[in-house]
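Scroll down for the structure; my scribbles are underneath it.
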Amino acid sequence: MASSPQRITDDLDRLLEVLPEAVRGALAPAEARDQLLEVVLDLGRIPEARYPGRAVALGEAPMERSDLAAVVAQLSSFGGDNRAGIERTLHRISAIRNRSGDVVGLTCRVGRAVFGTVAMVRDLMDCGQSLLLMGRPGVGKTTALREIARVLADELEKRVVVIDTSNEIAGDGDIPHPAIGRARRMQVTRPELQHQVMIEAVENHMPEVIVIDEIGTELEAQAARTIAERGVMLVATAHGNELANLVKNPTLSDLVGGIESVTLGDEEARRRRTQKTVLERAAEPTFPLAVEMHSRDRWLVHRDVARTVDLLLRGQLPRPQVRQLDAEGRLQLSEPVAHASSSPKPPPLRRLQDASVVSSGVSSQPPLARRPLPDPEASKTPKAAVPEQPLHLFNAGLSEPLIEQAIRGRRLPVQLVEEVEEADVVLAARQQLGHRPELRRRAQDAGLPILVIKADTLPQIQRGLERLLQRRDDRPGGGAATEPAPGSSHRDDAFEALEECRLAVEQVVLPQGQPVELLPRTEAIRKMQAELAARYQLTSAEFGSGSQQRLRLFPR
């Protein structure tokens, strides 16, 4: 999956022509135009140019009413969404009005046509399934939508209709911008009529693909489902930074299948170990494919939206495919590591080379240069312990997804069992145990200890499981043996731990600025992990007790 070089056209001179002369002069140098996002003109304030992460004042004279009026006079008429444009360009000018309707502020957004961004999802275009793009404002959703429309129309030769509510996709004026290729464009007179134009496009113009920007109302979500059920491919953007936002949004949740409350029978609720009323997906998603755009060069692809929604409703974490462009513009794919829900011990993090899909033009190099790993033999370490026997746990009414999440997240040697008689211990919440006297009787008959926690929450469950494991290790003969298992190697364990630490730093802590908690390790190995984190100029701290002590890495 080789990526083509990106080419950018912005017609910036056309936008500068309508701005006041002082602003135009301040933006004349080439360096002032590089990565320019928008120009803000507010009455009584100094004009401002905004770039990624910073803003720069333009001149020293505040804006006057005559300056704003002169700009408005050169634009097309403002629509119902208070947006105007410059004919045959992608620039967008949005107005701020006072209570009388007079313009007192303008936001002049630079519109760019970027050719080559579709390489991130080029393989998804051939499958014919509907695709939903999500991300924060300014991340490039509309830019990607514009390029996808062109590729579908020109390269794949499909009949494409663009529903252009604010003339943001194909530009202002009656003639569409060349950036959408042979795709046809339907304009919308008022934003609240977008859903009607969507249906009209299907009924009157026989499209194979419909491209929509910013699905934001329930009527538009219903229209999107109607279109998908007629066999038309949809490519759209929606309000929300990630898929979990849509699941929680009652207006737009239908895009990902909709959510409904289901009452389970007594037997089914016992089998699932959940409450009788649970949330489940109501239908198949309108969009089987979804992309979370975290930045312009890092996208998360959900290839099975139905499964992702089901995992979120069960309290489990989804596993999207990570796609990003390296410094040389090559596409890197990182496949998710799937864990079986019944396994208490997920496999350790794999090296980046193993986690990446390597094909023509796809690089498997990590995003940062590798630091040399500390030598595990440089520290005096105790002998490795044999694998611990799992602690058989009976769940007395707690949320099973939360227990499984605690087991996976801490990599705890705990295994859930179906019957009390098969368990080593019983875990219950204080409020629930009083309603099950027969459970206490069966546990007493079997001689099983019962640990009661305050609430059915993830932190309480994590602390409860660690407390049970600590008590088992403290009993005579309850701890793990100290002799090495046949074929085990402390050096291999140390390298695995250091590789886990390196991947956490380079893939999460540094690029995303989020803390990461590593798996439980021995004291000597935790020390080596802390030394490795210090080489990245990161701080770390130890958490947990006994065999569950682990290191947490903090961003700068």
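Excluded from the calculations below are hydrogen atoms, water molecules and symmetry mates; all remaining heavy atoms, backbone and side chain alike, are included.
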Could you grab the distance from atom CZ of Arg281 to atom OG of Ser253, nearest 0.5 Å is fine?
12.5 Å
Kindly give the heavy-atom pair with the smallest separation between Arg502 and Tyr536, and that separation in Å.
CG-OH, 3.4 Å
Is a side-chain N or O of Gln316 found less than 3.5 angstrom from the main chain of Pro401, in a donor-acceptor match?
no
Would you call Thr237 and Met293 a side-chain contact if the rule is heavy atoms closer than 4.5 Å?
no
In short, Ala223 meets Met198 closest at the heavy-atom pair CB-CE, 3.8 Å
Any side-chain heavy-atom pair of Phe287 and Ile215 under 4.5 Å
yes
Working to the nearest 0.5 angstrom, can you tell me the gap between Thr286 OG1 and Gln222 CD?
10.0 Å
With sequence neighbours excluded, give me every salt bridge (Lys or Arg N to Asp or Glu O under 4.0 Å) pair touching residues 209-218.
none
Say you draw a straight line from CG of Asp424 to CZ of Phe394; how long is it, rounded to the nearest 0.5 Å?
13.5 Å
When you compare the side chain of Gln324 with that of Asp297, does any pair of heavy atoms fall below 4.5 Å?
no
A side-chain contact here means heavy atoms from C-beta on lying under 4.5 Å apart; do Ser540 and Gln529 qualify?
no
Expected output: side-chain Arg526 to main-chain Leu551 donor-acceptor under 3.5 Å:
no
On a heavy-atom basis, the closest approach of Ile212 and Leu145 is O-CD2, 3.3 Å
May I have the step-by-step check of side-chain contact (heavy atoms from CB on, under 4.5 Å) for Met134 and Asn245, ending in yes or no?
CA-CA 10 Å; Met134 294 164 290; Asn245 298 141; over 6 Å; no
Would you check, one step at a time, whether the test side-chain contact (heavy atoms from CB on, under 4.5 Å) holds for Val305 with Leu255?
CA-CA 10 Å; Val305 170; Leu255 298 177; over 6 Å; no
Give the intermediate values and the outcome of side-chain contact (heavy atoms from CB on, under 4.5 Å) for residues Ile210 and Ile163.
CA-CA 7 Å; Ile210 285 186; Ile163 308 299; 3.9 Å; yes
So CD of Glu292 and CD of Glu242: to nearest 0.5 Å the spacing works out to 5.0 Å
Is the shortest heavy-atom distance from the side chain of Ile148 to the side chain of Val211 under 4.5 Å?
no
Note: Arg521-Glu500 ion pair, threshold 4.0 Å (strictly below)
yes
Between Leu553 and Cys501, is any pair of side-chain heavy atoms under 4.5 Å apart?
yes
Sole residue of Leu465, Leu402, Leu393, Ile461 in side chain to side chain contact (heavy atoms under 4.5 Å, CB included) with Ile407
Leu465
Measuring from Ile259:CD1 to Asp254:CG, what's the distance to the nearest 0.5 Å?
10.0 Å
Locate the shortest heavy-atom distance separating Thr165 from Pro191; write the atom from each residue and the value.
CG2-CA, 3.8 Å
Leu333 vs Arg323, side-chain contact (heavy atoms from CB on, under 4.5 Å): CA-CA, chis, key distance, verdict
CA-CA 5 Å; Leu333 308 183; Arg323 302 186 177 194; 3.4 Å; yes
Ala534: which residues meet the side chain to side chain contact (heavy atoms under 4.5 Å, CB included) condition with it, sequence neighbours left out?
none
Could you pull out the closest heavy-atom pair between Leu312 and Pro318, with the gap in Å?
CD2-CD, 3.6 Å
Do the non-hydrogen side-chain atoms of His195 and Thr217 ever get within less than 4.5 Å of each other?
no
Atom CD of residue position Glu523 - does it have more than 12 heavy atoms of other residues, nucleotides or ligands inside 6.0 Å?
no
Could you measure the distance from the CZ atom of Arg298 to the CE atom of Met120? Nearest 0.5 Å is fine.
9.5 Å
Looking only at heavy atoms, which two atoms of Ala238 and Leu132 are closest? And how far apart?
CB-CD1, 3.8 Å
Any side-chain heavy atom of Leu131 within less than 4.5 Å of one from Met125?
yes
Would a distance-only check, ignoring hydrogens and angles, find a side-chain to backbone donor-acceptor pair under 3.5 Å from Lys141 to Gly135?
yes
